[in-house]
Amino acid sequence: KAGVTQTPRYLIKTRGQQVTLSCSPISGHRSVSWYQQTPGQGLQFLFEYFSETQRNKGNFPGRFSGRQFSNSRSEMNVSTLELGDSALYLCASSLVIGEQYFGPGTRLTVT
Amino acid sequence: AQTVTQSQPEMSVQEAETVTLSCTYDTSESNYYLFWYKQPPSRQMILVIRQEAYKQQNATENRFSVNFQKAAKSFSLKISDSQLGDTAMYFCAFMKITGANSKLTFGKGITLSVRP
C-alpha cells in the first residue's frame, strides 16, 4: 500500500504571496492532520480533517487554512506569507485513533 | 493542556551499546497514548513505538522498548544494540484519547548520534 504523499517537496515563495500544499493519505484513511516543524518552535499541530470536516485546530493565525476533499486528499493554504512561515510542513494520515503515518513533508522557504 | 518535555538535547552512543532517551509529560487525562517517533536526516517521521496508558505492560518492538511510569508521568525509550542507522532525532509525543481527536503533542526532540 502506498504511503502518505505530499506535494510539492520543496517550495520557495516571496513574502506576501500565498501557497497551497497537498497531502494524499494512505488509501482508506479518512483523517489527515497537518504539523509545522521549525527549529525554534519544534513540531506544532496545525489542524486535522476527517470526512471533509475540520475537527481539531491548533493555535495558528487565520492565514493558515485547510480543506479536505471527498477522496480524503487534503490541502493547506497559507496566505500573506511571512518569513517565519518557513518550515517543514508534515502531513499525517490515520485510520484509527492512536495511529498516525507521516508523509515526507514539504519544505517551504519564504524569502 | 498537555506538555511533553525532553530535557536532553543531544546524546551519543557507541555502536552495539544501549542508550536510554528520557521523556516526561504532564496531563490531567487518564487515558492516552504515548509515542516515540524517529526522524532521520531524510526528515521522514517514523513511528518507533507506541504505548497505551491503560496497559501496564511496557511496549517493545525488537531492539526498542519503553519504560512507562504512569504515576511519575515518565516515558523513556531504550535502544539496545545501537546501530548506525539509529542516528536520528527522536521525538516523544502524547495523544489523548477522545471520541474524535488525533492531535499529537510533541517534545522538542533529542538528537541521537551512534558512533562506529
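Note that the structure is a prediction, hence the values are computed from the model and not measured.
Placement of B:Leu112 and B:Phe91 in two distinct hydrophobic clusters is found when ILVMFWY residues are connected by side-chain heavy-atom separations under 4.5 Å, directly or transitively. One hydrophobic cluster, built from ILVMFWY side chains closer than 4.5 Å, holds both A:Val78 and A:Phe60. Tracing side-chain contacts under 4.5 Å through hydrophobic residues (I, L, V, M, F, W, Y), one never reaches A:Phe50 starting from A:Ile26; they form parts of separate clusters. The cluster map of Ile, Leu, Val, Met, Phe, Trp and Tyr, joined by side-chain heavy atoms under 4.5 Å apart, puts B:Ile110 and B:Ile49 in the same cluster. Cluster annotation: A:Leu83 and A:Leu81 are assigned to the same hydrophobic cluster (Ile/Leu/Val/Met/Phe/Trp/Tyr, side-chain heavy-atom contacts under 4.5 Å, transitive).
With a 4.5 angstrom heavy-atom cutoff, A:Gln44 does not touch chain B via any of its atoms. Using a 4.5 Å cut-off between heavy atoms, A:Leu43 contacts chain B through both its backbone and its side chain. If you measure heavy-atom distances from A:Phe47 to chain B, you find no contacts under 4.5 Å at all.
Going from atom CE of B:Met95 over to atom CD of A:Glu99 covers 9.5 Å, rounded to the nearest 0.5 Å. Distance check, rounded to the nearest 0.5 Å: NZ of B:Lys103 to CD1 of A:Ile97 gives 13.5 Å.
By a heavy-atom distance cut of under 4.5 Å, B:Tyr33, B:Phe35, B:Tyr37, B:Gln39, B:Arg43, B:Gln44, B:Met45 are the residues of residues 27-48 of chain B near chain A, going up by number. Contacts between residues 3-19 of chain B and chain A, defined by a heavy-atom separation under 4.5 Å, are made by no residue at all. Within residues 53-85 of chain B, no residue has any heavy atom less than 4.5 Å from a heavy atom of chain A.
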Cut-off 3.5 Å, no hydrogens considered: what does the side-chain donor-acceptor table look like for residues 103-111 of chain A, sequence neighbours left out?
{"unit_1": "A:Thr106", "atom_1": "OG1", "unit_2": "A:Pro8", "atom_2": "O", "d": "2.5"}
{"unit_1": "A:Thr111", "atom_1": "OG1", "unit_2": "A:Lys13", "atom_2": "O", "d": "3.4"}

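The nearest pair of heavy atoms linking B:Leu104 to A:Phe45 is O-CB, 4.2 Å.
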